[in-house]
Each structure stands twice: as structure tokens, then as C-alpha cells.
**Student:** 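The structure under discussion is supplied below as C-alpha cells; questions concerning it will follow.
Sequence lines set the chain letters: A, B, ... in the order given, protein chains first and strands last, and positions in each chain run from 1.
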Amino acid sequence: MDYFIKNIVSLLKEKIDLPEDEIKRLLEIPPDFKMGDYAFPCYSLSKTLKKSPNAIAGELAQAIPVDKPIEAVRAVGPYINFFLDKATRAKTVLKTIFEERDGYGHADVGKGKTVVIDFSSPNIAKHLGVHHLRSALIGNAICNIYKTLGYPCVGINHLGDWGTQFGQLIVAYKKWGSENAHASYTVADLNNLYVRFHQEAEKIPGLEDEARAWFKKLEAGDTEANELWQHFKDISLKEFQKIYDMLGIHFDAFVGESFYNTMVEDTITRIKEKGLSRVSEQALIVDLEPYKMPPCLLRKKDDTTLYATRDIAAAEYRKKTYDFDRMIYVVGSEQKLHFNQFFKVLELMGHDWARRCVHVDFGLMKFKDGKMSTRKGKVILLEDLLIEAVERIGKIIEEKNPSLENKETVARDVGIGAVIFADLSTKRNKDVVFDWDEVLNFEGETGPYVQYTHARLCSILRKYWKPVTADIRFELLKEDETTILIKNLGQFPQIILKAAEFYEPSLICNYLIDVCGSLNRFYNAHRVLSDDEELTKARILLVDATRQVIKNGLNILGMQAPEQM
RNA sequence: GCUCCCAUAGCUCAAUGGAUAGAGCAACUCCCUUCUAAGGAGUAGGUUGCAGGUUCAACUCCUGCUGGGAGCGCCA
């Protein structure tokens, strides 16, 4: 528990007949810093004490001894407000950051509890569009958040490299694609074939059946089918890797659905043995009627499997391989039902760890006039967006800071960062309408704003040139702007815990915006470097601490923190 | 038809059941001989979709409704 909270709770415990945990739970942070640092609302006491909350607050505030880290205790209406001694807090917060450095915000709560995170997971033979951004970025950020808290993390890219669509692709390739040189094929070519298949399938009746037949051959191990499939996969992976490199996203494993093909028979057998499945309309299903859900399909009438089957097999395999404490699937909310179904099947199979599987869903990304669709070729390529962002930042650099070194690197870090931050900064379950101007806005609450703030702080530290020391007079850090900033910096570890609890990277974005706002107000109101040596030393420590917090925060989001821009 | 998600300033979004609902963008005003103006200050902008309910207290919880999105057996 936080040192200050602990102190306040123990003070209150002397006067109030409530358990420690309850007091801690009720303790809140006032909306305005002028109301103090912590507040205890007296509403709940009014019933038992049979007095008005205001009177209780007044009496208790009088009775509580003011000592050490507490500077004042004041009753305001029904609240008892606690004011911390500024110097003590400044010392506690800034010394911690100064000592922990890149480790500030880290914890060991996750020690030994492996977390498997399934994210990005695009389909082979299709382009990565802007709508693929969300899973990749949210998943990567959650991965970083959990790592920060000490959880061993395994990031898995569960590639969509299996299913009827590959039958479709093979058909399309054999009909319209084979005259092209095999080796020069790109994802664009595959994508075109895919789009063409769906166009033609509307006119030619037997085409879908033909595709299903090819998928059956693929699942049965047919050589020609497998060679083509492998080729499509190689082409796609190469192109995907390029984008992941641009985004700075790393996976511990690229294991596609196809990998589980050999395991599904065993999985189905066990489901059958447990009496969970039955045949319905020639397909094998698990009836989920008692749980108010549509049935989960395990096998189609042509005997091929479905993704639910492969997901079940994959979950079992991962449990065996990683012995995870928790498994997180970062997949769009349109698949909510699928996950509820397949988690339920895992549970019915007797896997008690099924409740440790979480579907971290997120809202759909769409255009103003509707949904993005790979089939109709209605997408914006992720690569195009990233290139555009980097180019626009490049122009701004030419305009504002033409003498900057490493322009290309900085433009890349800031451009990509802008896209990452824009995507992560709203709560994940909201649908987002893709808007170029919004994603490529670099002013206000944006990634570049946070990075710019960081660069400014680095600039001050460069000018100062002497080593930063924590041996300063903390009582000099006393202005309102300073106090608020220090308070913000001290909240970082709590924010990370909360972001992990709710699987919500946007909390880190909001927090960073808060810190930057506080810093910039401080920056505008007070000079850091001055003739006053003691004051300069003190403010430099504050600047360095803020720089450190911003950097740590950005890194968790998967962004770089350039020192100049 | 059934299920899930969303609704807060003109726009995009915040707000562990608690004090005066806050930011950014857009508009209008100011602040660079001062550590990076990709910044800061200010003005203006609200019946928190509607109607009930629970509570000492509701943007927050419950019910109903309206509007938008998504899903609902052989795609993933």
C-alpha cells in the first residue's frame, strides 16, 4: 500500500469504528488539489453515529493529530481532507523515480504467473488494413503492461492460415492466376484473387463447392494444395513482418491455425467421449441451449473443421505448453459470441482454467459510410497510413526544426507514434470511425504532443549538462504547478495496475496527457535553469523525473521517446 | 425475432456511486530579445438520448423506451 494512504488509514482507524480495508476503500482523491491530497467522506458514518456527515467531519478533523507526512487535516462539508507535507511527498516520489529509472512503475505482482496474449492474428493472403491496427496495438500494449507488472508474457500471433478461404484462394489461383510468374506473387495479387473469387462466386453457382472441396483436400494433406498454401503463407508472412517492424511489434510465436490441424481429431474425440456433442443437420455440434447460446459447430457436413474446433485445440495446447495463469484474446467485439461459446465448451470439457481465458474485445473500425471489407477491396492499407504519417511529420520537421539530426528516424518515431497513440487513446470498446485528419492530427491530445513534451525536457537537461542529483532541497518545490505535477508523477504505478486490471491501454494515454499538461503549465510558469543554484538543482530533478515517467509510459504503449524533435 | 455494445459541449473523447460534469479539436482573444509556440493562458459552448426506479447521494447501478452499431449453424 502507498506510504501516504497507509498513514492516513492508520490515523482514521484510531477514531472510526471501521475495518482498515473499508477505510481504504472509502478514501478518495479530491477533484481539486486545493481540497487536499486525500479525502474521507463521512456519509456512511452518519447512520451509525446518528449525526450529520458535516458534524462528523468537523469533529474528526479536530480530533486527528497532525504529524509528519500530514501537513493539515481540514473538514470541508461532509469530507475530512488530508493535506500532505509537500516536501515529504516531493522527496518520496522524486527519489523513487530517480532510483528506479526505467524500472519506475514496475512491480512483481505477476511473478511466475504466465500470461498468454493472442493478438493481431490476421488472415493470410489478405492485406493488413487500418482495421487490423486495433488488435495489434492493444495487444502489444497489454503485453507490455503485464510485463511491467512482472508477468512472464507470451505474445502469440494466431495467424488465420486455415479454413475454407484457402480453398477459395486455390480455386481462384488455378483459374485466373497461374499464368503469372509464381515467384513474383505478392499479397496484392493474392488479395485480388480473393476479391475476384467473391465477385465470380455470385455469378457461378458451383464455385463455392469447388472451394470447399479444395479445402478438404488441403486438410487431408493433398500435396498440390499444401504446396500452394505454403507459398501463399510465405508471401504473406514476409509482408506482415515488414509492417510489424514498422510498428515495433514483436511476437514470441507465429503459430497459425493450421498448426492445430493434427490435434483437432483428438480434441473432437474427447468432446464426443464426454457426451457433449451430437450430430445435427449432418454437422457435429455442442448444444449450448442450456446456456442460452446458439450451438458451437465443431465439424461441417463435409467433415472439415471450423475455427471454433481449432481454437479449442489451440487453447488446450497452449495450456500444456505454457501452463498459463491467464490467457487473453485481443479480438474484435463482433466475435464476442464465438468466444463465449468456445470458453463454455472448454469449461464443459472440465478445464477449470476456462475461466482464466479472457476475450478482450474492442470496437469496430469503420468508414463514415460503413464497414471496411476485404472482400470488396474496401480498405485503407496499414502501410499507406504509416507512410503518410511519417511523411507528414517529415514535412513538419522541415518547417519547424530543419537543423535536426536523424530527421528520418525522428519522423518515423513520431509519425508511427501518432498513429499508435491515436488508436490507443480511446476506450477500447468504442467503435471508431476512421478519419485521416483525426489520426494525422499532431496537436492537442496526441502522440506527438507527448513526445514533444519529452523532447523539451531532454533539451533542458542537455543545456544543464551537469549530472542530475536527488540531493536537493525538496522544500523548494512548492508552487501549485510543481505540486500538481509531482502528485501526477506519483500516480504512475497505480495507473499501470488499473490498466492491467481492465485491459485498458487508454488509461495510460490519458495519464500521459495529464502529466504533459501539468508539465507544460509548470514549464510556462517557471524557469528551470537560473542563477539560483539550489532551485535549479531541485527543478532539474523534477524535470528529469517527468522525462523518465513520460518515457516509461510511451514505451509501454509501444512508442519511442525521441530526445529531440 | 433474440443477444451483446454504444449514446456526455458543434466534433472527438474524460469523469473508483460522492464536492462546481472536465479535456482536446473547431471559433474568437492574448503570450516567443526567456530552457523547442508540435506549447501555455483566456472567452464561448451542457436538461449527460427519453421515462421511471434504487440510494443520504446517479453521467455512473436497475427496468422500460428511442436511436446507432455488431452478432445469431456449416467464413474467420
Side-chain angles (χ1 to χ4, degrees), chain A residues 25-32 35 39 41 43-44 46-47 52-53 76-79 81 121-123 160 162-165 168 208 212 257 280-285 292-302 304 306-308 310-311 331-338 340 361 363-364 366 370-371 375 393 396-397 399-401 404 414 418 422 425-427 429-433 435 437-438 441-453 455-464 498 506 510 513-514 516-517 519-530 539 543 564-565:
Chain A
R25 197 182 62 80
L26 287 168
L27 214 56
E28 54 190 76
I29 295 169
D32 190 322
M35 296 168 164
Y43 303 102
S44 55
S46 108
K47 255 183 200 161
S52 78
V76 180
Y79 291 89
N81 290 349
S121 310
N123 288 330
W162 209 244
T164 315
Q165 50 176 325
Q168 298 170 349
E208 295 274 10
R212 273 190 279 269
E257 289 184 68
S280 162
E281 296 169 35
Q282 298 173 68
L284 188 69
I285 65 157
K292 304 257 182 288
M293 280 189 278
C296 179
L297 267 83
L298 297 178
R299 191 138 60 185
K300 297 185 273 189
K301 63 182 168 196
D302 66 0
T304 56
L306 285 116
Y307 77 129
R310 297 188 285 272
D311 269 348
V331 179
S333 56
E334 70 274 14
Q335 291 197 37
K336 192 89 223 165
L337 177 61
H338 161 68
N340 286 338
D361 61 341
L364 204 69
K366 56 191 175 173
K371 197 174 167 173
R375 287 187 187 185
I393 292 291
I396 294 175
I397 291 173
E399 202 180 290
K400 309 206 179 211
N401 197 355
L404 179 69
V414 178
S425 56
T426 59
K427 261 203 302 244
N429 71 340
K430 291 216 176 197
D431 288 347
V432 289
V433 174
D435 183 345
D437 293 336
E438 215 171 290
N441 172 33
F442 307 131
E443 281 167 23
E445 298 173 339
T446 64
Y449 167 68
V450 178
Q451 289 169 319
Y452 175 70
T453 305
R456 280 176 131 184
L457 296 176
C458 290
S459 174
I460 296 175
L461 292 166
R462 272 196 305 276
K463 285 224 162 89
Y464 180 67
K498 204 173 160 189
S506 68
N510 293 342
I513 291 293
D514 234 39
C516 290
L519 182 279
N520 282 312
R521 276 184 286 277
F522 162 78
Y523 181 97
N524 260 266
H526 308 286
R527 258 200 87 76
V528 176
L529 305 173
S530 71
R539 288 183 174 164
V543 162
Q564 297 183 55
M565 64 184 268

**Student:** Rounded to the nearest angstrom, tell me the gap between atom OH in A:Tyr523 and atom P in B:G39.
**Tutor:**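 Atom-to-atom, A:Tyr523 to B:G39, this comes out as 12 Å.
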**Student:** Under 4.0 Å, heavy atoms only, any strand: does A:Pro78 hit a base, just the sugar-phosphate, or nothing?
**Tutor:** nothing
**Student:** Measure CG/A:Leu26 against C1'/B:U16 and give the value in whole Å, please.
**Tutor:** 11 Å
**Student:** Can you tell me which nucleotide in B:A37, B:A19, B:G69 comes closest to the side chain of A:Arg456?
**Tutor:**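 Within the option list, the nearest is B:A37.
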**Student:** Under the side-chain contact (heavy atoms from CB on, under 4.5 Å) test, which residues partner A:Ala418, sequence neighbours left out?
**Tutor:** A:Phe442, A:Pro448
**Student:** Can you check the A:Phe522 CZ to B:A41 C1' distance for me, whole Å?
**Tutor:** 17 Å
**Student:** Suppose you measure atom P in B:G68 against the same atom in B:C30; what distance do you get, rounded to whole Å?
**Tutor:** 44 Å
**Student:** Expressed in whole Å, how much space separates the P atoms belonging to B:C25 and B:G40?
**Tutor:** 8 Å
**Student:** Provide, to the nearest angstrom, the distance between the CZ atom belonging to A:Arg25 and the C1' atom belonging to B:U16.
**Tutor:**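 These atoms are roughly 10 Å apart.
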**Student:** Indicate whether OP1 or OP2 belonging to B:G39 is found under 4.0 Å from a side-chain N or O atom of A:Lys400.
**Tutor:**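 Answer no for this pair, as no side-chain N or O of A:Lys400 is under 4.0 Å from OP1 or OP2.
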**Student:** Ignoring the backbone of A:Leu364, work out which of B:C6, B:U36, B:A70 is nearest its side chain.
**Tutor:**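 The listed nucleotide nearest to A:Leu364's side chain is B:A70.
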**Student:** With a 4.0 Å cut-off on heavy atoms, is A:Leu404 in touch with a base, just the backbone sugar-phosphate, or nothing at all?
**Tutor:**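 No contact.
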**Student:** Please give the distance between the C1' atoms of B:C2 and B:U12 as a whole number of Å.
**Tutor:**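 Straight-line distance between the two C1' atoms is 33 Å.
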**Student:** Within the structure, does a side-chain N or O atom of A:Thr164 lie under 4.0 Å from either OP1 or OP2 of B:C75?
**Tutor:** yes
**Student:** So what does A:Tyr449 hit on the nucleic acid, given a heavy-atom distance under 4.0 Å: a base, only sugar-phosphate, or nothing?
**Tutor:** sugar-phosphate
**Student:** By the 4.0 Å heavy-atom rule, please label A:Asp311 as base, sugar-phosphate, or nothing.
**Tutor:** nothing
**Student:** So what's B:C35 paired with, Watson-Crick or G-U wobble, going by both distances under 3.5 Å?
**Tutor:**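 Paired with B:C35, as far as the under-3.5 Å criterion goes, is no nucleotide at all.
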**Student:** Tell me the interatomic distance from A:Lys463, atom NZ, to B:C35, atom C1', rounded to whole angstroms.
**Tutor:** 6 Å
**Student:** Which value, in whole Å, describes the distance between the P atoms of nucleotides B:A38 and B:U43?
**Tutor:**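 Approximately 24 Å lies between the P atom of B:A38 and that of B:U43.
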**Student:** Using the C1' atoms only, state how far B:C5 lies from B:G49, rounded to an integer number of Å.
**Tutor:** 16 Å
**Student:** Would you mind calling B:C56 syn or anti? Take O4'-C1'-N9-C4 for purines or O4'-C1'-N1-C2 for pyrimidines, and syn is within 90° of 0.
**Tutor:** anti
**Student:** I want to verify a distance call: between B:A38, B:C74, B:U36, whose nearest atom is closest to the A:Lys300 side chain?
**Tutor:**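 From the listed options, B:C74 comes nearest.
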**Student:** How far, in whole Å, is B:A41 from B:C32 if one measures between their P atoms?
**Tutor:** 16 Å
**Student:** Would you kindly compare A:Gln335 and A:Ile396 by the position of their nearest RNA chain B nucleotide and give the one closer to the 5′ end?
**Tutor:** A:Ile396
**Student:** Just checking A:Glu281: base, sugar-phosphate only, or nothing, at a heavy-atom cut-off of under 4.0 Å?
**Tutor:** base
**Student:** With distance as the sole criterion, do the side chain of A:Ser280 and the base of B:G73 form a donor-acceptor contact below 3.5 Å?
**Tutor:**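 Pair found.
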**Student:** Just compare B:C74, B:A19, B:U36 and give me whichever is closest to any side-chain atom of A:Pro31.
**Tutor:** B:A19
**Student:** Let's test this: given Watson-Crick or G-U wobble pairing with both distances under 3.5 Å, identify the partner of B:U8.
**Tutor:** none
**Student:** Looking at residues at least two apart in the chain, or sitting in another chain, which of them share a salt bridge (Lys or Arg N to Asp or Glu O under 4.0 Å) with A:Arg521?
**Tutor:** none
**Student:** Does B:A70 pair with anything, Watson-Crick or G-U wobble, both distances under 3.5 Å, and if so, with which nucleotide?
**Tutor:**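 The base-pairing partner of B:A70, which may sit in any strand shown, is B:U3.
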**Student:** Can you measure A:Leu306 atom CG to B:C75 atom C1' for me and round it to whole angstrom units?
**Tutor:**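 Atom-to-atom, A:Leu306 to B:C75, this comes out as 8 Å.
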**Student:** Round to the nearest Å and state the distance from A:Asn520 atom CG to B:A23 atom P.
**Tutor:** 15 Å
**Student:** Using Watson-Crick or G-U wobble geometry with both distances under 3.5 Å, which nucleotide pairs with B:A51?
**Tutor:**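 Its partner is B:U63.
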**Student:** Can you list the residues that meet the salt bridge (Lys or Arg N to Asp or Glu O under 4.0 Å) rule with A:Arg527, with sequence neighbours excluded?
**Tutor:**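 Expected list: none.
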**Student:** Within the structure, does a side-chain N or O atom of A:Arg212 lie under 4.0 Å from either OP1 or OP2 of B:C74?
**Tutor:** no
**Student:** With sequence neighbours left out, write down each residue that passes side-chain contact (heavy atoms from CB on, under 4.5 Å) with A:Asp361, or none if nothing qualifies.
**Tutor:** A:Ser333, A:Lys336, A:His359, A:Arg428
**Student:** Could you go through A:Arg456 and A:Asn520, starting from their C-alpha distance and side-chain angles, then the distance that decides it, and tell me whether this counts as side-chain contact (heavy atoms from CB on, under 4.5 Å)?
**Tutor:** CA-CA 10 Å; A:Arg456 280 176 131 184; A:Asn520 282 312; 2.9 Å; yes
**Student:** In the structure shown, which nucleotide is the Watson-Crick or G-U wobble counterpart of B:A15, with both distances under 3.5 Å?
**Tutor:** none
**Student:** Using a heavy-atom cut-off of under 4.0 Å over every strand shown, decide if A:Arg527 touches base, sugar-phosphate, or nothing.
**Tutor:** base
**Student:** When you compare the side chain of A:Thr164 with that of A:Thr304, does any pair of heavy atoms fall below 4.5 Å?
**Tutor:** no
**Student:** So do A:Tyr452 and A:Lys400 actually touch side chain to side chain, heavy atoms under 4.5 Å?
**Tutor:**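 A:Lys400 vs A:Tyr452: side chains apart.
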**Student:** Using the C1' atom in both, what is the distance from B:U55 to B:G17, to the nearest Å?
**Tutor:**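 That atom pair is separated by 9 Å.
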**Student:** Regarding A:Pro294, tell me which of base, sugar-phosphate or nothing describes its non-hydrogen contacts under 4.0 Å with the strands shown.
**Tutor:**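 If one applies the 4.0 Å heavy-atom cut-off, A:Pro294 turns out to touch the sugar-phosphate alone, with no base involved.
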**Student:** Nearest to the side chain of A:Ile393 - B:C35, B:A38, B:A19?
**Tutor:**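 The closest nucleotide is B:A38.
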**Student:** Any heavy-atom pair between the side chains of A:Leu529 and A:Lys463 that's under 4.5 Å?
**Tutor:** yes
**Student:** With the side chain counted from C-beta on, respond yes when A:Asn401 and A:Gln564 share a heavy-atom pair under 4.5 Å apart, and no when they do not.
**Tutor:**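 A side-chain contact under 4.5 Å is absent here.
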**Student:** Rounding to an integer number of angstrom, what distance separates B:G45 and B:A23 when you compare their P atoms?
**Tutor:**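 B:G45 and B:A23 have their P atoms separated by 15 Å.
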**Student:** Grab the CG-P distance between A:Leu337 and B:G69 for me, whole Å please.
**Tutor:** 20 Å
**Student:** Students often get this wrong, so: under 4.0 angstrom with heavy atoms, is A:Gly163 touching a base, only sugar-phosphate, or nothing?
**Tutor:**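 If one applies the 4.0 Å heavy-atom cut-off, A:Gly163 turns out to touch the sugar-phosphate alone, with no base involved.
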**Student:** Dump every N/O contact between nucleotides 26-33 of chain B and the protein below 3.5 Å, one line per pair.
**Tutor:**
none

**Student:** Toward the 5' end of RNA chain B, which comes first, A:Ser459 or A:Ala39, by nearest nucleotide?
**Tutor:** A:Ala39
**Student:** Not counting sequence neighbours, which residues clear salt bridge (Lys or Arg N to Asp or Glu O under 4.0 Å) with A:Arg299? List them please.
**Tutor:** A:Glu265
**Student:** OP1 or OP2 of B:A76 versus the side-chain N and O atoms of A:Arg310: is any pair under 4.0 Å?
**Tutor:** yes
**Student:** For nucleotides 9-15 of chain B, just jot down a letter per nucleotide in 5' to 3' order: B, S or -, based on protein non-hydrogen atoms under 4.0 Å.
**Tutor:** ---SSSS
**Student:** Side chains of A:Tyr523 and A:Ile460: does their closest heavy-atom pair fall under 4.5 Å?
**Tutor:** yes
**Student:** So what does A:Met293 hit on the nucleic acid, given a heavy-atom distance under 4.0 Å: a base, only sugar-phosphate, or nothing?
**Tutor:**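 Nothing: the residue A:Met293, judged by heavy atoms under 4.0 Å, touches no strand.
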**Student:** Can you list the residues that meet the side-chain contact (heavy atoms from CB on, under 4.5 Å) rule with A:Ile513, with sequence neighbours excluded?
**Tutor:**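 Residues passing side-chain contact (heavy atoms from CB on, under 4.5 Å) with A:Ile513: A:Phe421, A:Glu445, A:Tyr449, A:Val450.
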**Student:** Does any donor-acceptor pair link the side chain of A:Tyr452 with the base of B:A38 at a separation under 3.5 Å?
**Tutor:**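 No, no donor-acceptor pair under 3.5 Å.
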**Student:** For A:Pro294, what residues pass the side-chain contact (heavy atoms from CB on, under 4.5 Å) criterion, not counting sequence neighbours?
**Tutor:**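 Residues passing side-chain contact (heavy atoms from CB on, under 4.5 Å) with A:Pro294: A:Leu337, A:Gln341.
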